[in-house]
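Below, read A as the first sequence line, B as the second, and so on, with proteins coming before strands; counting in each chain starts at 1. Fair warning: this is a prediction, and the values are worked out from it, not measured in the lab.
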Amino acid sequence: MLNLNTLFYVFSIFLLVFAYMVIMSQHPVFSLLFLVACFIVSAFLLFILECEFLALLFIIIYVGAIAVLFLFAIMMLESKLQNLSRNSIKYVPISFFFISIFFAPFYLKNRNCFGVITPYADQKLSLYLDLNKYQNWYNTIDLAVDVEVYGQVLYSYFVLQFLLAGLILLLALIGVVCLTSSSFKGLSKEQSDFKQLSRTSVYFLK
Amino acid sequence: MQISLSSLLVLESFSMFSEYFICVTIFYFLVAISLATYSVRGLMVQKAVSQCFGLVLIMSLYLIINDDLISLNFSSFHNSISNDYLGFFSKSLLCFFSAVYFFIISDSLKEQKLTSFEYQLVLLLSILGLLIMCSCDDFITAFLAIELSGLAFYILASYRKTSSYSIEGGIKYFVVGAVSSAFFLLGSSFIYGLTGLICFHDLECLFLCWNIDWDLEYLSYFFLATPESIGVTDIRAMFRIAKRDLFVIAPHSYVTEFALSFIFFSLFIKLAAFPFHLWSLDVYEGSPTSSTFFFATITKLSIFVLLIRLCCGVFDNFLHESIHLHSTWVGISSIFVGSFGGLKQRRLKTLLAYSSVTHMGYLIVVFSLKTEQAIQALLLYLIIYMLSGLSIWAMLLSLRLKKKNKAKYSKEIGDLALLRRANSSMAFAFALTMFSIAGIPPLVGFFAKMSVFFATLDELRYLYTKIVFFSLLFSVVSTFYYIRLIKVLYSENLEVGKLYYPISDSNSTIIISNLIFLLIFLFCNPNLLWIFTQKASFLIFTQKSFLAFAPEGALSLAADLMDIYFLN
């Protein structure tokens with residue numbers, strides 16, 4: 001049966017695989033694409049946990065802005081990562097060492113959170129597998145989606161603050177345009193299309 | 001007084017007229033002037049736009065003054081804007097002074113090569129932020145207003161793109177401002193985490209209960225009216241519950257103090273008081289002169305209004321001696337640093353930055369006293385500081401040196417040496433303003449310093465007597481560099497020096513002579529200043545004590561407590 005719990009595990013496994021691929025892929029562009037996939041999958045996870053607002057923020061900010069910015073920065077920079085060593089096997093022991101250092105205190109601190117969740121303490125294995133298999137009865141009565149609640153509060157109680165944030169955005173827009181645009185021909189730092197294209201094509205041909 | 005719900009809803013929408021007006025002006029100008037300058041190449045609109053914005057600010061001053069609803073002292077936008085007399089007073093001052101500022105800079109923008117109209121738009125947006133900061137009543141609005149004005153300051157500081165000093169100043173201002181707003185957010189989030197409140201008014205009620213002695217005698221004193229008529233028994237039970245809840249927070253009171261010191265820290269960075277003043281020297285020197293003019297004179301008022309709101313309103317019943325002592329030391333050390341740091345300066349803008357650090361020191365010392373007379377002295381000093389700042393920077397802007405080599409924007413003290421020969425009335429006005437800033441009697445600056453020292457002496461403690469003694473000594477030291485400017489003006493017998501262009505427009509001449517006239521006139525007749533500052537400072541304290549002692553006040557307090565503890 002495909003319930004939400006199964007989906008949770010599927011996406012978690014995908015998240016782990018993509019996170020592993022971010023580290024393991026040799027090319028920075030591929031690793032960035034896997035990072036984008038990571039963000040999207042974790043947004044799915046947040047959707048399953050019913051944090052729709054946070055999930056949408058993940059997609060808009062991380063995928064839409066930051067990852068694309070990184071992608072442009074990597075593609076514009078002249079990449080000198082050719083002679084990166086390919087055998088990363090020799091780093092495995094030290095990586096296990098660091099993982100155990102970081103993970104052990106976390107596990108020891110939060111050990112209780114994993115074990116005792118329901119009174120059915122004898123069903124240990126199924127407990128670990130079906131962590132969020134529960135029915136929230138309130139949701140069936142009064143269902144307001146996360147985003148909807150945020151919108152209602154934002155447009156009624158915090159309308160002044162919302163408008164002020166919009167004004168700050170407008171100011172940032174004006175400021176960026178007048179600080180970067182330049183009417184002096186000699187001083188302007190313009191992007192030379194030909195130079196850039198030829199550089200990247202040479203790089204890819206190698 | 002019974003106000004029905006519908007009338008309250010109507011009342012809520014009748015506030016912030018001036019802010020609406022300025023906002024609509026910004027949008028209209030952004031579209032209209034972009035279209036106009038797009039179709040006609042090389043259209044120079046900076047003078048017309050800045051004079052127009054000056055008129056807009058005068059119109060918004062008119063809107064503020066004719067807003068009679070201020071006397072109701074109500075709060076709007078779900079308790080995030082408070083329309084009280086302090087806000088009214090500071091907003092009208094801000095509108096007036098920034099209108100004068102726009103008229104002053106309108107001539108000199110072309111000479112400074114700041115010809116794009118976005119410069120004035122950014123200025124107007126920052127003034128909008130400062131106006132909202134004057135009347136904000138919760139932490140989120142305060143933070144957004146600080147950010148709106150701060151972001152505009154960074155743009156204004158780095159507006160001259162071809163000068164590396166200007167860019168450097170802008171980046172420095174940006175880094176320091178980002179740190180300061182991070183600290184503001186940290187402090188306010190601590191307070192939110194401890195109390196669950198962000199609105200200043202709710203916090204005031206909470207901390208008012210903190211200090212009430214919870215004896216039944218006190219409660220009977222508290223409700224002078226017949227106890228049965230207002231149902232004391234219920235309120236007593238309610239106070240008991242409230243007290244129990246307060247004692248949950250009470251062990252964390254030092255965290256609240258910690259949070260408050262973070263907020264003070266961030267606002268002192270914005271004011272450039274002593275331990276945080278180093279950015280101001282570079283930023284003032286590097287940024288274009290009209291931006292420096294704006295930072296030095298206009299921006300300080302609303303930060304002090306926010307500080308007064310926080311300190312004398314919200315946390316008045318909570319604050320202990322330690323915080324006051326903290327700000328007193330910040331004040332006295334910034335007086336020290338400002339007085340001694342300016343001694344070796346040769347550049348005029350840095351000298352004025354040090355002088356501004358000294359003034360902030362006096363203001364913070366008098367702010368830390370928190371008495372009614374002290375707040376009056378603070379407001380008086382701020383008005384006179386802005387007035388003399390306007391006149392001195394207006395003269396610096398209208399002095400245009402004849403340059404032989406490449407354009408040099410920084411002015412040095414030696415550049416003023418031939419001013420007496422070139423323009424004797426301007427030299428006389430310069431000397432008068434310097435005397436006023438130094439606090440020499442026949443000018444209004446004397447009153448400012450006198451009221452500060454008297455308010456400090458009123459606090460009958462040995463520490464404050466020492467503080468007055470030392471700040472008097474430091475003010476004598478700082479008089480040295482003001483007098484040195486006058487010496488350069490009047491008693492240097494140079495034959496060769498910098499020459500000046502004549503003042504191009506009669507506009508700035510009229511403004512400068514009016515400002516100088518005000519400096520003398522307000523000494524002869526200081527009643528005007530006295531009455532308004534007295535009223536503002538009186539109303540800050542009486543509205544609060546009304547809340548504490550009058551039966552109606554107690555009832556409203558009880559209602560607020562109901563809101564806080566039973567509905568949440």
Side-chain angles (χ1 to χ4, degrees), chain A residues 51 53-54 56-58 60-62 64-66 69-70 73 76 109-110 113 138 141-142 144 146-192, chain B residues 12 15-16 19-20 22-23 26-27 30 34 41-42 76-81 113-126 128-129 132-133 135-162 166-167 170 174 198:
Chain A
C51 309
F53 184 67
L54 213 58
L56 288 177
L57 271 192
F58 254 66
I60 292 171
I61 293 174
Y62 283 112
I66 295 177
L69 203 70
F70 266 122
M76 283 177 84
K109 194 83 179 170
N110 301 319
C113 304
Y138 289 110
I141 301 166
D142 177 26
D146 211 13
V147 185
E148 208 177 308
V149 173
Y150 278 118
Q152 278 172 1
V153 174
L154 204 62
Y155 291 121
S156 61
Y157 280 96
F158 293 103
V159 64
L160 176 76
Q161 285 84 347
F162 189 66
L163 288 177
L164 268 179
L167 273 178
I168 292 175
L169 209 60
L170 173 74
L171 176 62
L173 200 73
I174 296 173
V176 164
V177 168
C178 45
L179 286 186
T180 50
S181 77
S182 172
S183 54
F184 304 108
K185 269 296 164 197
L187 290 167
S188 64
K189 293 181 177 59
E190 281 175 357
Q191 180 183 8
S192 161
Chain B
E12 274 234 322
S15 67
M16 299 181 77
E19 283 89 344
Y20 286 140
I22 290 175
C23 212
I26 288 167
F27 295 144
L30 184 60
S34 323
R41 298 289 291 178
S76 53
F77 288 103
H78 302 280
N79 288 331
S80 56
I81 293 290
K113 300 199 180 75
L114 301 170
T115 46
S116 59
F117 78 99
E118 286 95 347
Y119 186 76
Q120 285 98 315
L121 265 185
V122 173
L123 272 175
L124 202 62
L125 271 163
S126 75
L128 179 65
I132 294 170
M133 209 197 297
S135 62
C136 62
D137 206 18
D138 76 56
F139 276 117
I140 296 178
T141 321
F143 173 71
L144 285 172
I146 289 174
E147 278 304 290
L148 182 60
S149 54
L151 195 61
F153 297 159
Y154 318 142
I155 297 166
L156 290 177
S158 54
Y159 206 85
R160 183 173 288 134
K161 286 165 286 186
T162 50
S166 169
I167 301 285
F174 177 69
I198 49 167

Can you tell me which portion of [X] sits under 4.5 Å from chain A's heavy atoms? Options are side chain, backbone, both or neither.
{"X": "B:Leu148", "value": "both"}
{"X": "B:Cys23", "value": "side chain"}
{"X": "B:Phe27", "value": "side chain"}
{"X": "B:Leu128", "value": "side chain"}
{"X": "B:Thr141", "value": "both"}
{"X": "B:Ile81", "value": "side chain"}

Distance in Å, [X] [atom1] paired with [Y] [atom2], rounded so as to fall on 0.5 Å steps:
{"X": "A:Leu167", "Y": "B:Leu144", "atom1": "CG", "atom2": "CG", "result": "10.0 Å"}
{"X": "A:Leu179", "Y": "B:Glu118", "atom1": "CG", "atom2": "CD", "result": "10.0 Å"}
{"X": "A:Leu163", "Y": "B:Phe77", "atom1": "CG", "atom2": "CZ", "result": "8.0 Å"}

Report task. Please examine the side chains of A:Ile174 and B:Ile155, heavy atoms only from C-beta on, and report whether any two atoms are closer than 4.5 Å. Result -> no
Query - Contacting moiety of A:Leu171, where chain B heavy atoms sit under 4.5 Å - result: both
Query - Which portion of A:Leu170 sits near chain B, non-hydrogen atoms under 4.5 angstrom - result: side chain
Query raised in the report: Take atom OH in A:Tyr150; do more than 12 heavy atoms of anything else shown fall under 6.0 Å from it?
Result: no
Report summary line: Shortest non-hydrogen pair, B:Ser80 vs A:Leu160, comes out as OG-CD2, 3.9 Å
Query raised in the report: If you look at every heavy atom in A:Cys178 and B:Lys161, which pair is closest and at what distance?
Result: O-NZ, 3.0 Å
Query - With B:His78, the ring-ring contact (aromatic ring centres under 6.0 Å, His included) member among A:Phe162, A:Phe158, A:Tyr157 - result: A:Tyr157
